[in-house]
Number of protein chains: 2
Amino acid sequence: MKDSVAGQTRIQRNKIATITEAALDVFSTYGFRGSTVDQLARAANLSKPNLLYYFPSKEAIHTHLLNGLLDIWLAPMRKIDAGGDPLDEILTYVRAKLAMSRDMPRESRLFANEVLQGAPHTRDTLSSDLKPLVDEKAAIIRGWMDQGALKPSDPHHLIFSIWSLTQHYADFEVQVGAVLGPEVPDPFPAAEDYLVTLFTRLLSPDA
Amino acid sequence: MKDSVAGQTRIQRNKIATITEAALDVFSTYGFRGSTVDQLARAANLSKPNLLYYFPSKEAIHTHLLNGLLDIWLAPMRKIDAGGDPLDEILTYVRAKLAMSRDMPRESRLFANEVLQGAPHTRDTLSSDLKPLVDEKAAIIRGWMDQGALKPSDPHHLIFSIWSLTQHYADFEVQVGAVLGPEVPDPFPAAEDYLVTLFTRLLSPDA
DNA sequence: TTCGGCTTTGACCGATTGGTCAAAATGCCA
DNA sequence: TGGCATTTTGACCAATCGGTCAAAGCCGAA
């Protein structure tokens, strides 16, 4: 595996970055099994053997992508701070996740494809890395609710709802676009207003 | 295409039903391109040529499945009644959609797979059938809000949020399970409580 | 200019893909 | 029972799949 940064030439680093970028395009559109090595090579402007000179297999590229992405993907949640203003912390997280759906829809769809099909390459990571992180943040939220700083509701399902509501605009982009029609070219401003209203009414203890 | 019910023998109707059921299993798990005709045949306890005697191609099975499903899938939304109690109508719809995620997760994942990959077999139907239906129901909801029977918020995004929040429990079942852990074998009761609370606080004009 | 290692490639491999076909088996009605 | 249409199957096909390999091209250092 050529995952390590050390001991790489400039060419290697560049090509690997190009391949990774192209693979994100292809995998997020067609899924793992729906993508072919030829497709990946063509998207990266490389011959097939050349691509397989940098990665040992199609699966290695996919794994490399998923591994690199998980940290980026969870970064906004890690920033939830027990010392901050409760509603602000939640709304900031919601806005950050929605921005990721707008700016990184391919990454969102890559994860969605993976999880939809049973997370065959990620399942262990979900239990070992994701669960503790979510439990930690859920405990913070529960603390806020116990103090009366937020209206009570199930913290785990609150987190699920943030994920589903925000990622929906990336994963189901085609459906959202078809329903809103061409007269709404960008659904994100209205989506942000709606989601801020939703979580404010759900959680704000005043009014 | 053997979609028509008329002019079919008992054997044909049974086998087609068996194939459809098996294909739902396979396609919803592996996606269209990720599923093979051999897999479909094995799941239906048929030889490959025998399966292709009832359907002309792998794609025909997939199309047949999607077509048959769209009506079932949209049925709860069609029941939203302008004459009913506004909050009741919404909560009934939410509960019905959540029940579908619990009882028909394969159907949900089949659609998710399709839409995620750009809805190559469904795109036209989304614009021609889904959009008018959503627009109609959104107008009803907007009417309720204008009357003051519901707190104001964007009706289209309200509908999107019902879809995403409920389908999440089917489409991302693996993730939900991994985060909640084995100590929560069934997330649906808590999910229903949470969603009822969410939409009540979002929409109920009192309190 | 030559050398040696990194990079790139066309040709090729066995396995699997979606799908076909002729022949055999089965069901059904007289 | 015979006879015909429906159903089922093993063998097979061309195309595509992921991946290999030896040879050729390319590069900077000596």
Side-chain angles (χ1 to χ4, degrees), chain A residues 1-27 29-66 113-114 117 120-121, chain B residues 1-27 29-66 113-114 117 120-121:
Chain A
M1 239 176 308
K2 310 224 165 187
D3 274 0
S4 58
V5 181
Q8 286 180 5
T9 69
R10 212 169 297 109
I11 291 181
Q12 280 174 337
R13 236 169 304 141
N14 286 343
K15 295 271 168 170
I16 287 176
T18 305
I19 293 170
T20 303
E21 163 66 23
L24 178 57
D25 244 43
V26 176
F27 279 138
T29 305
Y30 302 103
F32 178 72
R33 291 215 44 190
S35 308
T36 71
V37 177
D38 288 278
Q39 257 179 310
L40 294 168
R42 219 175 307 126
N45 264 319
L46 258 48
S47 68
K48 187 167 63 166
N50 199 184
L51 184 152
L52 291 168
Y53 170 74
Y54 291 100
F55 285 92
S57 70
K58 172 184 167 184
E59 192 168 6
I61 304 177
H62 191 246
T63 302
H64 174 74
L65 254 184
L66 281 177
N113 261 309
E114 165 73 5
Q117 311 204 349
H121 305 92
Chain B
M1 269 228 238
K2 311 223 168 188
D3 272 2
S4 58
V5 181
Q8 285 179 7
T9 70
R10 212 170 299 108
I11 292 182
Q12 281 173 337
R13 236 169 305 138
N14 286 343
K15 295 271 168 171
I16 287 176
T18 305
I19 293 170
T20 303
E21 163 66 22
L24 178 56
D25 244 44
V26 176
F27 279 137
T29 306
Y30 303 104
F32 178 72
R33 292 215 42 188
S35 308
T36 71
V37 177
D38 288 278
Q39 258 179 307
L40 295 169
R42 220 176 306 127
N45 265 317
L46 257 48
S47 68
K48 186 166 63 165
N50 199 182
L51 184 151
L52 290 168
Y53 170 74
Y54 290 101
F55 286 92
S57 70
K58 171 184 166 183
E59 192 168 6
I61 303 176
H62 191 246
T63 302
H64 173 75
L65 254 184
L66 282 177
N113 260 309
E114 165 73 3
Q117 310 204 350
H121 304 92

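Side chains are part of it too, since the values below use all heavy atoms of this structure and drop only hydrogens, waters and symmetry mates. Chain identifiers are assigned alphabetically (A, B, ...) following the order of the sequence lines, protein sequences preceding nucleic acid strands; residue numbering begins at 1 within each chain.
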Is any side-chain heavy atom of F55(B) closer than 4.5 Å to one of I16(B)?
yes
Nearest-angstrom distance from the residue atom CG of N45(B) to C1' of dT8(D)
14 Å
I want to check one thing: is the phosphate of dT8(D), taken as OP1 and OP2, less than 4.0 Å away from some side-chain N or O of Y53(B)?
no
How many Å lie between CZ on R33(A) and C1' on dA15(C), as a whole number?
13 Å
Can you identify which nucleotide, out of dT8(D), dG19(D), dC17(D), has its nearest atom closest to the S57(A) side chain?
dG19(D)
Of the listed nucleotides (dT20(D), dT7(C), dG19(C)), which one gets closest to any side-chain atom of L52(A)?
dT20(D)
In whole angstrom, what separates F55(B)'s CZ from dG18(C)'s C1'?
16 Å
Establish, with yes or no, whether the OP1 or OP2 oxygen of dT7(D) is under 4.0 angstrom from a side-chain nitrogen or oxygen of Q12(B).
yes
Rounded interatomic separation in angstrom, taking NE2 from H62(A) and P from dG19(D)
13 Å
Contact between E114(A) and F32(A) at the side-chain level, heavy atoms closer than 4.5 Å - yes or no?
no
Counting only side-chain N and O atoms of K15(A), is one of them less than 4.0 Å from OP1 or OP2 of dT8(C)?
yes
Is there a side-chain contact between T36(B) and K58(B), using heavy atoms and a 4.5 Å cut-off?
no
Figure out the CG/P separation between N14(B) and dT6(D), and round it to whole Å.
17 Å
Minimal heavy-atom distance between T18(A) and A44(A), with the atoms involved, is CG2-O, 3.9 Å
In whole angstrom, what separates Y30(B)'s OH from dG18(C)'s P?
14 Å
Of the candidates dT20(C), dT17(C), dG18(D), the side chain of V37(A) sits closest to dG18(D)
I want to verify a distance call: between dG19(D), dC21(C), dT9(C), whose nearest atom is closest to the P49(B) side chain?
dC21(C)
Rounded to whole angstrom units, what separation is found between the CZ atom of F32(A) and the P atom of dC17(D)?
14 Å
What's K48(A) touching, base or sugar-phosphate or nothing? Going by heavy atoms closer than 4.0 Å.
base
Of the listed dT8(D), dT8(C), dG19(D), the closest approach to the N50(B) side chain comes from dT8(D)
Rounded to the nearest 0.5 Å, how far apart are CD1 of I61(A) and CG of L24(A)?
12.5 Å
Let me know the distance between CD of Q39(A) and C1' of dC17(D), rounded to the nearest Å.
12 Å
